[in-house]
Amino acid sequence: MKNRVSLVLFLCAVLTLSAFAQQPNSSTTTTQATTPRETATGEAPLPVPYKAENWWDGDDPGLAWLVLHPYASKKYVRRNTQVIQDRINELDRLTASNSGAIKDLDSRVQQGLQLASTRTKLADDHATDATNKAQQAYQSASTLNSRLTTSEAAVGGIDQFKATNQTEIRFHSGQTVLSKEAKDALDQMADQVKTQRGYIFEVQGFSSGRGQTAITNSKKLADSVVRYLMLSHDIPSYRIFVLGMGNTPVENRAGTTRVEVSLLKNEVQVAKQ
């Protein structure tokens with residue numbers, strides 16, 4: 001009998017000590033409740049749906065619960081893991097939100113890159129167009145410079161005439177009529193300049209006699225040649241230079257009644273339009 005009483009007293013002592021050991025620390029609980037905790041989303045932590053009052057977890061103290069409490073039931077596990085599941089769900093929502101933000105940022109980055117590529121291509125096109133225009137301008141300037149050099153050379157030689165053909169037409173004393181031989185010689189000279197420019201005819205008349213009378217007669221002889229060139233070959237008057245030389249001695253031919261015709265051309269050969 002004494003042994004039974006001792007065993008019962010021992011079990012009661014053990015149960016009492018276990019119950020006191022499982023009582024929650026009020027100061028610790030208060031501290032945890034008043035201390036805010038941070039979460040990944042920056043929101044307030046999820047509330048705990050259940051808070052045990054003591055070691056018996058709301059059950060009546062007894063020997064049966066003393067044996068069963070060390071083993072976790074489905075309800076017990078579900079109740080204590082619900083907070084973890086809620087936190088996982090919160091993290092899933094945060095992950096989905098971050099994924100959406102990343103996709104939106106990627107879309108905007110792609111649009112920015114496409115816009116930058118388009119503007120870069122446009123700038124390249126403008127630069128290529130400017131380069132082509134610069135090359136065209138350079139080529140035009142080079143062509144113009146070449147033409148200017150040619151024009152300067154042409155202008156420089158425009159009044160430099162050289163004799164290319166000469167003929168002498170004889171007249172009988174007191175006559176101004178051209179013979180057939182004289183006309184043939186003038187025709188040959190005129191045919192050389194039908195499609196040309198940059199030429200002049202120099203017509204010098206010589207006559208026997210003295211003084212003003214000889215000069216007047218030589219001028220009449222030269223005029224007969226000029227008249228033939230103008231009427232028969234359409235030689236403009238500004239291309240004919242006429243002189244009445246009188247009886248001026250030239251190369252020991254003084255006193256000879258004649259007309260000397262010279263065809264002079266400059267260095268610039270321009271085709272007739």
Side-chain angles (χ1 to χ4, degrees), residues 133 135-273:
K133 289 182 178 180
Q135 291 178 351
Q136 292 176 0
Y138 176 76
Q139 292 176 356
S140 299
S142 299
T143 303
L144 181 60
N145 186 46
S146 177
R147 290 182 179 178
L148 180 60
T149 303
T150 303
S151 299
E152 288 178 349
V155 171
I158 199 169
D159 61 344
Q160 303 298 318
F161 289 90
K162 296 181 180 180
T164 59
N165 195 3
Q166 292 180 335
T167 186
E168 182 179 282
I169 299 174
R170 299 293 183 93
F171 291 88
H172 295 289
S173 180
Q175 293 183 357
T176 59
V177 179
L178 296 174
S179 63
K180 185 178 183 306
E181 292 78 7
K183 291 180 180 180
D184 291 340
L186 293 174
D187 291 341
Q188 290 179 3
M189 295 183 71
D191 289 340
Q192 297 178 17
V193 296
K194 282 185 177 180
T195 59
Q196 296 182 6
R197 294 182 179 180
Y199 68 90
I200 60 173
F201 283 96
E202 184 181 65
V203 181
Q204 298 183 19
F206 298 88
S207 177
S208 60
R210 294 182 180 181
Q212 187 63 39
T213 302
I215 294 175
T216 302
N217 291 335
S218 64
K219 182 68 167 58
K220 290 179 180 179
L221 296 175
D223 287 343
S224 65
V225 173
V226 172
R227 214 170 19 250
Y228 181 78
L229 292 174
M230 294 178 63
L231 297 176
S232 300
H233 296 283
D234 296 328
I235 303 298
S237 60
Y238 62 84
R239 294 192 181 276
I240 303 175
F241 184 70
V242 185
L243 285 175
M245 302 298 293
N247 62 353
T248 302
V250 178
E251 295 180 358
N252 298 323
R253 292 181 291 179
T256 303
T257 303
R258 70 191 184 281
V259 175
E260 294 181 359
V261 182
S262 300
L263 175 60
L264 290 81
K265 295 182 180 180
N266 58 20
E267 298 296 331
V268 182
Q269 299 293 332
V270 182
K272 186 177 180 180
Q273 297 296 330

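Just the heavy atoms: all of them, side chains too, but no hydrogens, waters or symmetry mates, feed the values below. The model shown is predicted, which means the values in this text are computed figures rather than measured ones.
S140 contributes a side-chain N or O that, together with a main-chain N or O of Q136, makes up a donor-acceptor pair within less than 3.5 Å. Side chain of S218 to main chain of G246: a donor-acceptor pair is present (N/O by atom type, distance under 3.5 Å, no hydrogens or angles). Side-chain atoms of N145 never come within 3.5 Å of backbone atoms of A141 as a donor-acceptor pair (strictly under, hydrogens ignored).
Between K220 atom NZ and T176 atom OG1 the span is 8.0 Å, to the nearest 0.5 Å. From T167, atom OG1 reaches atom CG of L263 across 11.0 Å, with rounding to the nearest 0.5 Å. To the nearest 0.5 angstrom, F206 atom CZ is 14.0 Å from N217 atom CG. Atom OG1 of residue T164 and atom CD of residue Q192 lie 6.0 Å apart, to the nearest 0.5 angstrom. S207 contributes atom OG, which lies 12.5 Å from atom CE of M245 (distance to the nearest 0.5 angstrom). How far NZ of K194 is from CG of D234: 9.5 Å, rounded to the nearest 0.5 Å.
The closest side-chain heavy-atom distance from L178 to F171 is below 4.5 Å. Inter-residue side-chain proximity for Y228 and D187 is flagged as met; some heavy-atom pair is nearer than 4.5 Å. Two residues are said to be in side-chain contact when any heavy atoms from C-beta on lie closer than 4.5 Å; K265 and V193 meet this criterion. Contact annotation: the side chain of H172 never approaches that of V177 to less than 4.5 Å [non-hydrogen atoms, C-beta and beyond]. Using a 4.5 Å heavy-atom threshold, the side chains of R239 and M230 count as separate.
Here the closest non-hydrogen pair linking P236 and Y199 is CD-OH, 4.3 Å. Of all non-hydrogen atoms in I215 and G244, the two that sit nearest each other are CG2-O, 3.7 Å. Nearest heavy atom pair, residue L264 against residue E202, reads CD1-CB, 3.9 Å. The two atoms that bring N247 and A214 nearest to each other are N-CB, 3.9 Å, heavy atoms only.
For the pair D223 and K219, the salt-bridge criterion is met [side-chain N within less than 4.0 Å of a carboxylate O].
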